[in-house]
Amino acid sequence: MSRYNPKEVEPKWQQRWTDARSFETGADKDKPKYYVLEMFPYPSGRIHIGHVRNYAMGDVIARYKKACGYNVLHPMGWDAFGMPAENAAMQTGSHPAKWTYGNIDIMRGQLKQMGLAIDWAREFATCDPEYYVHQQRLFLEFWEAGLAYRKESLVNWDPVDQTVLANEQVIDGKGWRSGAPVERRKLSQWFLKITDYAEDLLAALDDGRLSGWPDNVKLMQKNWIGKSKGLQMRFPFADAAAAPKGFEDGVEIFTTRPDTLFGASFIAISPDHPLTAKLAETDKDLAAFVAECASAGTSEEAIEKAEKRGYKTALETGHPFDDRKLPVYVANFVLMGYGTGAIFGCPAHDQRDYDFATKYDLAIPPVVLPDGADAATWTLEGEPYIGPGEIFNSDFLNGLSVSDAIAAAIKKIEQMELGEGVTQWRLRDWGVSRQRYWGCPIPAIHCDTCGIVPVPQKDLPVVLPEEADFSVPGNPLDRHPTWKHVDCPKCGGKGRRETDTFDTFIDSSWYFARFASQPEDKPVDKEVADYWLPVDQYIGGIEHAILHLLYARFFTRAMKKVGHLSVDEPFANLFTQGMVVHATFKDAETGEWLLPEDVIVEKDAAKRADNGKPVKIGAIEKMSKSKKNVVSPEGIAETYGADAARWFMLSDSPPERDVEWTDSGVEGAWKLINRIWDAVSAAPGILKTVDLEKTAAGDDKTELRQATHAAIAGVTDDIDHFRFNKAIARIYEFLNTLKKEPPLMTGGYGMAAHSSAAYSGTAINPQPNKNGNSEWARAEALSALSRLIAPFIPHLAEECWETLGGDGLVCDAPWPNADPALLAKDEIVLGVQVNGKRRGEITVPAEADNKAVEEAALSDEAVKRHIDGKTVRKVVVVPKRIVNIVAN
RNA sequence: GCGGACGUGGCGGAACCGGUAGACGCAACAGACUUAAAAUCUGUCGAGGGUAACCUCGUGGGGGUUCAAGUCCCCCCGUCCGCACCA
């Protein structure tokens, strides 16, 4: 029996699939459609093992759904704009386009080696002008529809990458790519009105439109959108004449706790508040205070440590309900980006206000009495009271609960025309301008006469200039000698191109739609996009829970608004897969990180492969280049083949959890492949000798047939529920049963010259095979096996299918059906408990009634021993599960 | 601080609606084959006790509900993730 050779077999089938165009798809209205998509890769250089896991999962779904009769779309492309290309240009002088397209060529080849069922005819890169021209069109349409605008605002500035970042791209106060602390700058930027859809983006999380999404992702988005209801109101100044010009009306604040208005003891405004800026013009100390706040940093640690600090202005406001006067402070803990950038301080019932009031010796009047406390004696004990209770010391609110008082206070303020109940959102509009070269140019022209003017459709695409200077940081487009100089399309005068490019998250916000439909003259053909969308199954990393997934949801709504799509939600079902992790290795002496392949791991120690010096085994972590705990997919494919890598990536760990890459794991997968091949190659041509449509007489309920159908039912159910590890366990079980069967065949099924021991005599064939029925069962089993493994290890499956004599390609073969009659057992084994402890087991007919089961249980020898001398009080029979006898 | 998820053998993990805990794989050990090794095949494999049949304990800890709890409820411990001066 020849050993399976993936190095020959895998390329052979890849070529056959390509030749047969097995995975190319059109909008076939006669079939139900299924769109499966994995988050497309950034062409960073080479495929890593995490990609293998991600795409193997999508491939299982794609191949399975195709076998189930769906018209499957499974495309692939490249998220190709971005900083690394520009960094490479700075470091090596290689042009970003050259670097990117070179990487794409390498990675495409690697993906093809994995044997993915992808429609390569639809491939594109987001840096292709044929793609981004439509992105520019979409932007112009959004602009016209009021979904894009330009304004000057405080932005997150990444000093290392020298570009603006969206709020979503600032992690712990640091740039998501560079890790540098983000600074605040005032710049004119393009924004997309994602806040227009805040309500609907939030509502869809709960109303069933995203029932196919994991709860944790929905929760993260919900928190991110951050809806809170409250009161926005004005505190008029005590002396309006003292206020600077333009600010005489007072201070506009937002609060979620208007019930505590009587507990107010100060007003605080943000250092970034316009009033602060105005006051600072004439107050040097205040200007210094503001500057200090700006430099304090916004990182998690900085905030944690930052003391509540304030600057007392000369202004005072009144109070809406009594004649109190409240001092106005500029306070470092008030954010301009939320609410109105101003608050009223209620120290008794808010931790921050309490800290602040304590420090500046302000009054702390309590207005919420905890349930059960005595108003006469209760005091705050060194900390504010945040919980529920009854309002007191509050005039018309006295005696109300917190929630009733909130409603009453809002009503009163609305009557007084000082404010109104409002909804505040944490979500801000999406700033999309980036000061970079390697991105999609924003199609706008600045004209001194006409202002900002859209680039006319006929002039699209605005393409990047090929020549650019990457030798110094900053935006190469801005310092390009000629590119930005164009005439104004409106007045014909001198104009300047917008030199910012789009945030690359725009590129990935609609690529799934372009995969579905690729007309030349518009972003998508609506009818075709309607056929394919939404994506039925989207698969990717949890790290995109907010950024990409929220932007794509917004973009889909925006594209619907301007008439390109009919759906709100782009992804009907989302699966977030875990990472691939690996142990880390460090030279014990030098502390240098080592590649796994340069380390020899023995029982309890590890050493260097080159000089034998000791190696410290570190934590099991996400694979990263810096820690060198990476394994190359090519190396694996070289040794064991793509199938083994795919199989291992899907076995053992549940798909949503992290999986640890181990050498023994791949070896296990390799072993499995050979075991399957052994079973199959012992029966060449068997499918040509039998008619699987017709059950052979007498072959109705053998153990093998039951195992076959149990495997079909189990694997089907497991794939449907994304339990690939369990599907694989069932295939092992099935194979174990299949292997236990004695070799049945005495001939070669008409195929000569096969020299297996299985064919050579009757000695190893003692059992029932006289009428050939069991050969039929074996044929059925091997046919099912080939098809069940096809989504996971497609190359081996094709080789098996061909060897067995199946028709055509297994990737075109229908998914096997489980026969319910074979899933039902005639006899079942039931455990019998006495007082909740398992004491014996009985075998009864599956259809036995409770009484018969009870009798069988009570007459079991082991059970009898345990109830001897006791009285049976009760017998609980749970049909087909268990019997419990209560006795004492 | 707020919100969420999770905790099962040496390891990855199974266990559906509460119903025989540990499927399947890895590692380990023993045996067969081999001059030998690898590969392959067979067997053992939660802990303790017993020659054995079998018994006791066991799903992070403590309590509860139930004929029956890994699963449900309460309290605690631990790990991981998200958000974070959001008024």
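In what follows, chains are A, B, ... by sequence order, proteins preceding strands, each numbered from 1. Worth knowing before you read on, the calculation uses all heavy atoms, side chains too, and leaves out hydrogens, waters and symmetry mates.
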Engineer: In terms of ring plane angle, is the pair A:Phe344 and A:Phe235 parallel, tilted or perpendicular, where the classes change at 30° and 60°?
Structural biologist: tilted
Engineer: Taking syn as within 90° of 0 and anti otherwise, name the glycosidic form of B:C17.
Structural biologist: syn
Engineer: Looking only at heavy atoms, which two atoms of A:Val402 and A:Pro388 are closest? And how far apart?
Structural biologist: CG2-CA, 4.3 Å
Engineer: Taking the minimum atom-to-atom distance to the side chain of A:Arg426, which one of B:C83, B:U20, B:A87 wins?
Structural biologist: B:C83
Engineer: Where the side chain of A:Arg839 is concerned, which of B:A87, B:C16, B:U56 is the nearest nucleotide?
Structural biologist: B:U56
Engineer: State which of B:G25, B:C54, B:A21 makes the closest approach to the side chain of A:Arg865.
Structural biologist: B:C54
Engineer: Rounding to the closest angstrom, what is the interatomic distance between B:A37 and B:U51 at atom C1'?
Structural biologist: 38 Å
Engineer: Categorize A:Val659 for me: base, sugar-phosphate, or nothing, with a 4.0 angstrom heavy-atom threshold over every strand shown.
Structural biologist: nothing
Engineer: Enter the distance from A:Glu543:CD to A:Met579:CE here, rounded to the nearest 0.5 Å.
Structural biologist: 8.0 Å
Engineer: With a 3.5 Å cut-off and no angle check, do the side chains of A:Thr195 and A:Asp429 form a donor-acceptor pair?
Structural biologist: yes
Engineer: Classify A:Val878 by what it touches in the nucleic acid, base, sugar-phosphate, or nothing, heavy-atom distance under 4.0 Å.
Structural biologist: base
Engineer: Just checking A:Ser651: base, sugar-phosphate only, or nothing, at a heavy-atom cut-off of under 4.0 Å?
Structural biologist: nothing
Engineer: Dot-bracket for RNA chain B, please, read 5' to 3', with Watson-Crick or G-U wobble pairs under 3.5 Å on both distances, ( ) within the strand, [ ] crossing, | other strand, . unpaired.
Structural biologist: (((((((..(((......[....))).(((((.......))))).((((....))))..(((((..]....))))))))))))....
Engineer: Mark yes or no for a side-chain to base donor-acceptor pair under 3.5 Å between A:Lys726 and B:C24, with no hydrogen or angle criteria applied.
Structural biologist: no
Engineer: Taking B:C83 as the reference, what is the distance to B:C75 when you measure between their P atoms (whole Å, please)?
Structural biologist: 28 Å
Engineer: May I ask you to decide if A:Val334's main-chain N or O and A:Ser270's side chain share a donor-acceptor pair within less than 3.5 Å?
Structural biologist: yes
Engineer: In whole Å, measure the gap between the C1' atoms of B:C11 and B:C45 for me.
Structural biologist: 13 Å
Engineer: Testing the basics here: between A:Ala268 and A:Ala331, what is the closest heavy-atom pair and its distance to 0.1 Å?
Structural biologist: CB-CB, 3.9 Å
Engineer: Grab the two heavy atoms, one from A:Ala887 and one from A:Ile867, that are nearest each other, plus how far apart they are.
Structural biologist: CB-CG2, 4.1 Å
Engineer: I want to verify a distance call: between B:C83, B:C85, B:G13, whose nearest atom is closest to the A:Arg352 side chain?
Structural biologist: B:C85
Engineer: Applying a 4.0 Å non-hydrogen cut-off, can you work out what A:Asn884 is touching in the nucleic acid: base, sugar-phosphate, or nothing?
Structural biologist: base
Engineer: At 4.0 Å (heavy atoms only), tell me whether A:His721 reaches a base, stays on the sugar-phosphate, or touches nothing.
Structural biologist: nothing
Engineer: Which part of the nucleic acid, if any, lies within reach of A:Arg657 when heavy atoms closer than 4.0 Å are counted: base, sugar-phosphate only, or nothing?
Structural biologist: sugar-phosphate
Engineer: With heavy atoms under 4.0 Å as the rule, sort A:Arg873 into base, sugar-phosphate or nothing.
Structural biologist: nothing
Engineer: Glycosidic conformation of B:G9, syn or anti, with 90° from 0 as the boundary?
Structural biologist: syn
Engineer: Under 4.0 Å, counting only non-hydrogen atoms across every strand here, what does A:Val829 touch: a base, just sugar-phosphate, or nothing?
Structural biologist: base
Engineer: Could you tell me whether A:Asn736 contacts a base, only the sugar-phosphate backbone, or nothing, with contacts defined as non-hydrogen atoms closer than 4.0 Å?
Structural biologist: sugar-phosphate
Engineer: Take atom P in B:G7 and the same atom in B:A14, then report the distance between them in whole Å.
Structural biologist: 10 Å
Engineer: Take A:Val883 and A:Lys671, find for each the nucleotide of RNA chain B with the closest heavy atom, and name the residue whose nucleotide sits nearer the 5' end.
Structural biologist: A:Val883
Engineer: Would you mind classifying the nucleic acid contact of A:Leu335 as base, sugar-phosphate or nothing, using non-hydrogen atoms under 4.0 angstrom?
Structural biologist: base
Engineer: Roughly how far apart, to the nearest Å, are B:A32 and B:C24 at atom P?
Structural biologist: 26 Å
Engineer: Taking the C1' atom of each, how far is B:G9 from B:G1, in whole Å?
Structural biologist: 38 Å
Engineer: Base, sugar-phosphate alone, or nothing: which one does A:Phe254 contact when heavy atoms must sit under 4.0 Å apart?
Structural biologist: base
Engineer: Across the strands shown, which category fits A:Asn725 at heavy-atom distances under 4.0 angstrom: base, sugar-phosphate, nothing?
Structural biologist: sugar-phosphate
Engineer: When you compare the side chains of A:Asn736 and A:Arg675, does any donor N or O come within less than 3.5 Å of an acceptor on the partner?
Structural biologist: yes
Engineer: Is the CD atom of A:Glu383 crowded by more than 12 outside heavy atoms at less than 6.0 Å?
Structural biologist: no
Engineer: Between A:Arg838 and A:Arg723, which is nearer to the 5' end of RNA chain B once each is assigned its nearest nucleotide?
Structural biologist: A:Arg723
Engineer: Select base, sugar-phosphate, or nothing to describe what A:Glu733 touches, counting heavy atoms under 4.0 Å on all strands.
Structural biologist: sugar-phosphate
Engineer: Which nucleotide wins on minimum distance to the side chain of A:Arg675, given the candidates B:C67, B:C16, B:G25?
Structural biologist: B:G25
